[in-house]
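Letters A, B, ... mirror the listed sequences (proteins, then strands); counts begin at 1.
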Amino acid sequence: MSLIEVKDLSISFGAVRAVRNLSFSLEPGRALGIVGESGSGKSASAYALLGLHRGTGAEVSGSVRVAGVDVREADDAELRSLRGAKAAMVFQDPLSSLDPYYAVGDQIAQVYRVHRRVSRRAARARAVEVLDRVRIPDAARRARSRPHEFSGGMRQRALIAMALACEPQLLIADEPTTALDVTVQAQILDLLHQLRQETGMGLVLVTHDVGVAAESVDDVLVMRAGRAVERGPVGAVLAAPAESYTRALLAAVPRIDGAAAPARPGPADAGEPLVEAVDVHQVFGRRSAATKAVDGVTLGVRRGETLGIVGESGSGKTTLGRMLVGLLEPSAGRVVRRGRVQMVFQDPHSSLNPRRSIGESVADPLRAAGRLDEGAIRARVGELLAQVGLEADQYDRYPHEFSGGQRQRVGIARALAADPDLIVCDEAVSALDVTTQAQVTELLGRLQRELGLALVFIAHDLAVVRQVSDRVAVMRAGRVVEEGPVDEVYARPQDPYTRQLLAAVPALDPGQAARRRSLRAELTTV
Amino acid sequence: MAEALFTEVTASGDAAEGAGAVAAAPAPGGRPFWRRLRARRSALVAGGVVAFLVLIALAAPLLTAVEGQDPTTYHPDLVDSATGGVPLGSFGGASADHWLGVEPLTGRDLFARVVYGARVSLGVALAATVLQVLLGVAIGLAAGLGNRFVDQALSRVTDVVVALPVMVVALGALAVVPAGFPRPVLIAVIIGLVGWAGTSKIVRAQTLALKSLDHVAAARLSGWGRWQVARRELLPALAAPVITYAVLLFPGNIVVEAALSFLGVGIKPPTPSWGQMLSDADTWYQAAPTYLLIPALLLFVTVLALTVLGEGVRTALDPRAESRLRVGTGRKQETRHDAEKEAGA
Amino acid sequence: MTGFLIRRAGGAVFVLFALSVVVYAAFYVVPGDVAQIACGPRCSPAQVAQVSAQLKLDDPLYVRYAHFLQALFTGQDFSTGTGVLHCPAPCLGLSYQSDQQVTGLILAKLPATASLVVGASLLWVVLGVGTGLLSVWRRGRPTERILTWITLAGMATPVFVIGLLLIIVLVTALQVLPFPDYVPFTDDPEQWAWNLLLPWVSLALVSAAPYARMTRASMLETLAEDHVRTFRAYGVPERTLVGRHALRGALAPVIALGALDIGSMFGGALLTESLFGIPGVGRELVDAVRTVDLPVVVGLVLVTGFFVVLAGALADVFHALADRRVVLA
Amino acid sequence: GPQESKGGSAGAAGTPHKGGTLTVLNSSPQEDFDPARLYTSGGGNIPSLVFRTLTTRNREDGAAGAKVVPDLATDLGTPSKNATVWTYTLKKGLKYEDGSPITSADIKYGIERSFAAELSGGAPYLRDWLIGGADYEGPYKDKKGLDSIETPDERTIVFHLNKPEGEFPFLATQTQTTPVPQKKDKGTKYEQHPLSSGPYKVVKNEGDGERLVLARNTHWSAATDEERKAYPDRIDVRSGLDSAVINQRLSASRGADAAAVTTDTNLGPAELAKVSGDKDLAARVGTGHFGYTNYIAFNPKVKPFDNPKVRQAISYAVDRSSVVNAAGGSSLAEAATTFLPNQKSFGYTPYDHFPAGKNGNAAKAKELLKEAGYAKGLTVTLTHSNAKDFATSPEIATALQEALKKAGITVRLQGLEDNDYSETVHSVKSEPGFFLSGWGADWPSGGPFFAPIFDGRQIVKSGYNFNSAQLDDSSVNKEIDAINKLTDLGAAAQRWGALDKKVGEQALTVPLFHPVYKRLYGESVKNIVISDWTGVLDVSQVAVK
Ligand SMILES: Nc1ncnc2c1ncn2[C@@H]1O[C@H](COP(=O)(O)OP(=O)(O)OP(=O)(O)O)[C@@H](O)[C@H]1O
Ligand SMILES: Nc1ncnc2c1ncn2[C@@H]1O[C@H](COP(=O)(O)OP(=O)(O)OP(=O)(O)O)[C@@H](O)[C@H]1O
Ligand SMILES: [Mg+2]
Ligand SMILES: [Mg+2]
């Protein structure tokens, strides 16, 4: 019997038909990757596997069987026994997927006790065990920490630990690595790989990143606009895609080791930097609780130039970006700005006002400038939305009606609306599938050529950074450990940390991925 | 390359259909808030009730003219003087002349007093609530947005206001303000001045939570001034808790007005108010139940209607509420959901 | 934490100081001749003047305020006619009307009010939060409807009406409860609770509705959050989601509201106190205001102000403990 | 005429026995328990169980209860020929609760300490009447004592007055004549445990008089005290209760409440309505008449009330039945046309100079207004208090407003908070022209009832003034002096009545009503006595067994 059997699944949110006639199946122990552009219905399909659309406004039709349970017909109790015990899910957004009020270990223990009749103590012990299994250091102690005391990567691992608690036959992971830097991403993917080998569970990995899929799955399902476009063994599909869309998707994947980016025009003027930071520091909290988020950084960005910033999670990238645009006053040092600045925010959740339509948010800078009349504003917003691959008539829709990637694009449109001289893009394309990503980076490139726009491009995806940047700065623990022209740094990394980062980048070729995995193991054990 | 791909994708027929997946529902008529509010039947009914009460208050002279009574004329002949002034006849002396009967002791027409009382009670409570909300929002916002010193200072001032007995304030105010000053206005101002602390605390807490969100930062980068940012990004989000709380303040204010009457510093007679009626009627529950029940019932209806309306407005203000409400009761089966849809179609 | 406590203590001093100034200022305008009231309406002007001198009412208000502050730190001596009455250091003075030490007077009244407020607040929080919880978990069921209506009706009815109706029903008609008659906890805890039950219920009924509404609103907010979806996806039953996760999220606003209520109730439970004859500070305050008994008013306002500040600070600490993301500022 | 005061039928039945605990449910606490600070005769019900005085009120129902009788003294006092010197002799064997003897020096000291500013609150008469009283500042400041009180021996006390006062025996009922031994005086702290001379002593006084427990004073001897019956063994006073709750408890009469009375809470109109519908309850209601008049006061110094026609017009326009209704109905108020209460002891002489009938005579009022030059009507302001007392309160004011409307007089209401009201209407400087007022007797006689309101020499320029019309008429003043000389109280009463009738012609006040007290008591309460002096049930007579 198959672990998953989906037939003719369709999901619609009111007038929006997110998934249409999707059918696929998964055998026990196998791994399926669902890839596709942002907004193509990947998350919606994954939710349907556990019946999570129940009670929401979504309408679901077709048949879904998971681990022998007919998800659409099952009653509440039956469904509950499926959820977590036989099939567990790791959500797209690790930052908000844990309850802030309870200790991580207790949350795992709680889930365990829902499915196993064991004592509280036994459940806690089990929580420590699985936390240890996902390599949370000092698991017994950290089980008592609350989520906010965990870094992003640790939280993601805690969620996986929760999924593992009841030893499910199936793990559904929705973009488990999106918000993570490459080193952590690699750790998580390696972990999933290992677990699968050890427990023999099935895996559904939802991702927009073909590279991630290539590293971790047996089969791949390519989705687009709610439909399955192509499916087959991962090696075959990636090596010889049958569909034009899949080909386009693969072609758009930026490569770290491929041909160098097309020759970029040099900075428009070599004069004074547009924005300049001189020995800036940022300290959060006071005395014993103080965190040095940025610790003495000096850098400048010229007109028409792109500065890439990479570095591990928590290294101070966002904080630096906020200081550059003036949202944060440096605790020490100074920032000089000689033009209009904008920012694309890292968290697509909080960067859009949930109570205002996205069109209104994009129109904000236009209205603030006060030069255009109502009609012209609407027209201009429509134009901007189209430029980032959204529809002009989505003006009146609200943020929650968009997928993660779509929201990120709204943020970019808003930054562009202000007609800035410099944009700080904080993980601006991290949740975008490669095609959309390519489209957006191309747009930014064009604006840079035409208007002399300067960019600060913060990302964990080294390949994208390489593609768009002139120079790159590598940050660690609030300091810039290495800075230089992008080819220079990628080709001849000086700092050991930079080397570690480069080794963590996922590869498209499954064979190469395996080689890298062992290489990483060496690097980390050394 | 990427650009080519993009054009290809959008040009293909498949993609055009795919666009349907992300296309918005056809542009709705009217502003979304009103559309969402209209969609909630309970809110409409409640709104109707509130409008009706307001109408009664506004049309008080007209209504009493129709009845042929006024709220101040004594009818000593309609009460039984020997047994403490109980209205003669059943149902508190209700008759064709006196639709709701008469007040014990005085024989004044109860209907007239109730409709005129609506003017004062609703008016005072509304004015007081508006004042409380305005002050509370202004001070809460200032505390939430200001620097540490401003925040500390305003928070302590809030504490002082919470701790200040309303009696002391009322007595002081009554002594200072000239006797000719309209009393309902004065009472509304007093209640407003001592009762904004709750709102300001809520607003401050919310502001602190909200101001760290990126969309507020984005609005600042858009070039708005401080006030504009507050108005566009903070106030809409504050509206929900503030409305929830204001709906609670409103009946509270009616009761405070009653308590002030009870303490002798309230609305001046012979002006009727519901609060005053309630505080006069408390001992009459057995001898003349309608005297107590009518204002109590009206007050209850007002509160209920306002609560439901407030809930409706609050939800309608929040574009996510539709899915949010259902989330709470996530027990409905998808299949049943479909079946219902079909049955309804 | 220590810094927080120090700042809060400083804030409290400021609040209390401001309160006493406001009250002194109010007594410039509040009508009522203290000496005449203390002496009685038929006192001759000469006698009133004597009383006025005896109470030191002839000094300008700021001088009296200075004396008040001094007495607070150094204590004060008063003449009883035959001897001297020493009022030790935190001396709030003597009542103009009854010649009692204000400190003692307040200490005598405080336990009753504390009993009333603490008991009632427990009850109203349980009732309010419970109703709010049910209104989310059992939306539309009869129990929920009834409870919601009861709390709303409670809010719409003055406490003197509710209390009286409860007396009629529970005491006079059904005879299940005694007429409330305050018994100090130290005398007989059981009788204490039994007698306070009715006041507690009355006060709880009129105060519960805001908690129900706030709980409901924040629970709905929390239930829509991502982490609740996580637990739903792990088969955690709805009951646990509502009762454990959503409720926990609703705690902060409820605590904040509670602090506000409990603090202000210490000065404001007067209607309940007078209806049930509970010898508490609320009634004392109204009497003191009526008789323009400045030392008693100042003393009571300071004590109630202290509770307001205390409740506010406790709420902040609880909030920070419950939600570690909050930094005490 | 007045209805008879009477206890309810239920309690009157059955012979009273000693024993048991009497519960008293009150709304106001007994804040003052110092004999120097109490105002009314005997200090009211509860203090009168602890404090004996030279004379006291006769503990009998109705009019007989308005008589003054000896208490500590052997008789009502021996006046000198012109009634300026009064001599009293104490009974033999009088003792305090500690067994020590009561002496005349203690009574002198008790009176003296009531002059101390620390112990203010008593009635003004001793200060006004005793020679040197006006300047005496009490024994704490002025150790010499008051020369006008002599104690030639332990059982004799002599008072020297500055003018003839035939009503001195009434004054001697006040608690200032309670003996206080100088050695036991603790100044303002004395009230915490005052030394008892009566049948009960204070064993518990909590919350400034909120909770009092009285137990038998074993040194009290019934043989020396004809007035106090002292049936119960204990008296438990609980105050600070809401009046509605007190009446609820008394009507339920459960447990200890069956043996409960109240000394300060009347049945309100709403409760009366309920009680009168229930036979059992109605039988447990005591009715009393206290000498009190509620009236409209004019200040003729303020226009247009300087014009007697205007005052008369208003007198005619008044609708007494709606006023009586507003005061609680005919069971709780009796319409009044005379200033003096409708009781014989006050010298009640019926008159109605401006007959308004039951519902007012608007026609006559209009006519008078026309004569006064207000043909087109008149607008006046009526000042009242906002207290919920059914006396000077808003209900009464609005009733008048409505009645005067019919006569073409527009009344604007000025409701003042309690303190503000007292200060405003009792100060010559701020006194309004037209306000609600009331006056009660310090003792049941015309003297203290009539003189403070109409005696020109009692106008107080700074301080509380009760002569609201500010009448200073030498013929009135002379007659007052003449009556004060009379030691024959019956003859005096007659002349007070005549004087009232004469002054009434000036329409300086419009008498509205005399209140009637109705009070519930518990099921097992016996021996209800309600005198016209207090109008309320006398706790010293009550039995619970
Ligand atoms: N609650 C909702 N209301 C309306 N439309 C929605 C809702 N949730 C999702 N959608 C729409 O459904 C489509 C599919 O969304 P889904 O979240 O499955 O995308 P996705 O493939 O996971 O994209 P991403 O890679 O960006 O996360 C999108 O067009 C989105 O706009
Ligand atoms: N408001 C704040 N208060 C306290 N500490 C903060 C605050 N913002 C950031 N930090 C801390 O500062 C450090 C740098 O954070 P920052 O967000 O700049 O990292 P980042 O490089 O952007 O990481 P990521 O890749 O995860 O986004 C982290 O340790 C973070 O915990
Ligand atoms: Mg998704
Ligand atoms: Mg960041």
Margin query: Using only non-hydrogen atoms and a strict under-4.5 angstrom cutoff, which residues of residues 357-366 of chain A touch chain B?
Written below: A/D364, A/P365
Item checked: Those residues that, when tested against A/D419, pass side chain to side chain donor-acceptor pair (under 3.5 Å) (two or more places apart) -> none
Notebook entry, point to check: If you look at every heavy atom in A/G326 and B/R220, which pair is closest and at what distance?
Noted result: O-NH2, 4.4 Å
Notebook entry, point to check: Among all residues two or more places apart in sequence or in another chain, which pass the salt bridge (Lys or Arg N to Asp or Glu O under 4.0 Å) test with A/R322?
Noted result: B/D214
Item checked: Nearest heavy atoms of A/F345 and B/A218, plus distance in Å -> CE1-CB, 3.5 Å
Next item on the list: Would you please name every residue forming a salt bridge (Lys or Arg N to Asp or Glu O under 4.0 Å) with A/R340, sequence neighbours left out?
Entry: none
Check: For the residue pair A/V341 and B/L221, what are the closest heavy atoms and their distance?
Finding: O-CD2, 4.4 Å
Item checked: Steps toward side-chain contact (heavy atoms from CB on, under 4.5 Å) verdict (A/R367, B/Q228) -> CA-CA 11 Å; A/R367 283 192 209 288; B/Q228 286 282 3; over 6 Å; no
Next item on the list: Below 4.5 Å from any heavy atom of chain B, which atoms of A/L352 appear? Answer side chain, backbone, both or neither.
Entry: backbone
